Amino acid sequence: MKSIKISLAMAQKVKEFVAITQDCPYEILLKSGKYVVDAKSILGIFSLDLSSPLIVEVYSDDCAEFLEKLKKFEA
């Protein structure tokens, strides 16, 4: 498992983030405090507190390309 801290403060960023995660074949979770949602679910993401940084957990060892795409969201 790999993790990265990101910020999705604007709705447009959430839309971009979900578009990136949709193409990944592995499980990706998004955490905000004690809440955890599927990172591929736009409704799940909007249920989180987006005013604070989120933790992305990627359950794959072969995800370097995906993590590179997430750099623009880093908090």
Side-chain angles (χ1 to χ4, degrees):
M1 176 190 77
K2 306 212 187 256
S3 64
I4 184 173
K5 188 182 284 191
I6 65 165
S7 175
L8 297 175
M10 297 178 2
Q12 181 61 31
K13 287 194 172 215
V14 173
K15 186 177 174 183
E16 289 176 41
F17 177 79
V18 171
I20 292 169
T21 60
Q22 292 285 328
D23 295 333
C24 299
Y26 31 81
E27 184 178 10
I28 306 166
L29 299 178
L30 201 53
K31 291 185 172 184
S32 175
K34 64 180 180 177
Y35 299 101
V36 179
V37 298
D38 182 352
K40 298 177 184 183
S41 168
I42 197 163
L43 290 176
I45 293 171
F46 279 120
S47 72
L48 298 174
D49 176 13
L50 300 178
S51 65
S52 60
L54 307 167
I55 304 293
V56 179
E57 290 187 347
V58 183
Y59 290 88
S60 172
D61 290 328
D62 186 28
C63 61
E65 184 179 327
F66 172 71
L67 292 176
E68 189 63 34
K69 290 179 184 178
L70 292 188
K71 288 210 184 270
K72 65 180 172 181
F73 302 106
E74 279 187 324

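This is a predicted model, so every value here is computed, not measured.
The salt bridge (charged side-chain N to carboxylate O under 4.0 Å, His left out) check on K13 picks up nothing, with sequence neighbours excluded. Listed by chain and residue number, K69 satisfy the salt bridge (charged side-chain N to carboxylate O under 4.0 Å, His left out) test with E65 (two or more places apart in sequence, or in another chain). The salt bridge (charged side-chain N to carboxylate O under 4.0 Å, His left out) check on E27 picks up nothing, with sequence neighbours excluded. The salt bridge (charged side-chain N to carboxylate O under 4.0 Å, His left out) test applied to K15 returns no partner, not counting sequence neighbours.
Remark: Y35 OH is loosely packed, at most 12 non-hydrogen atoms of other residues, nucleotides or ligands lying under 6.0 Å away. Heavy-atom contacts from other residues, nucleotides or ligands closer than 6.0 Å to CG of D61 number 12 or fewer.
You'll find the side chain of E74 stays beyond 4.5 Å of the side chain of V56, heavy atoms only. Annotation: side chain of F17 is in contact with side chain of L70 (closest heavy-atom distance under 4.5 Å).
Side-chain atoms of T21 come within 3.5 Å of backbone atoms of A39 as a donor-acceptor pair (strictly under, hydrogens ignored).
Note that NZ of K71 is 13.0 Å distant from CD1 of I6, once rounded to the nearest 0.5 Å. Taking CG from L8 and OG from S51, the interatomic distance works out to 11.5 Å, rounded to the nearest 0.5 Å. Atom OG of S47 sits about 11.5 Å away from atom CD1 of I42, to the nearest 0.5 Å.
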message: With side-chain contact (heavy atoms from CB on, under 4.5 Å) as the criterion, how do L54 and L48 come out once you've worked through the C-alpha distance, each side chain's angles and the decisive distance to 0.1 Å?
response: CA-CA 9 Å; L54 307 167; L48 298 174; 4.3 Å; yes
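Sorted by first and then second residue, the pairs that involve residues 30-43 and meet salt bridge (charged side-chain N to carboxylate O under 4.0 Å, His left out), not counting sequence neighbours, are K31-E57.
The hydrophobic clustering, which links ILVMFWY residues whose side-chain heavy atoms are closer than 4.5 Å, places I55 and V18 apart.
Cluster partners of M1 are L29, V36, Y59, counting Ile, Leu, Val, Met, Phe, Trp and Tyr whose side-chain heavy atoms approach within less than 4.5 Å, directly or via other members.
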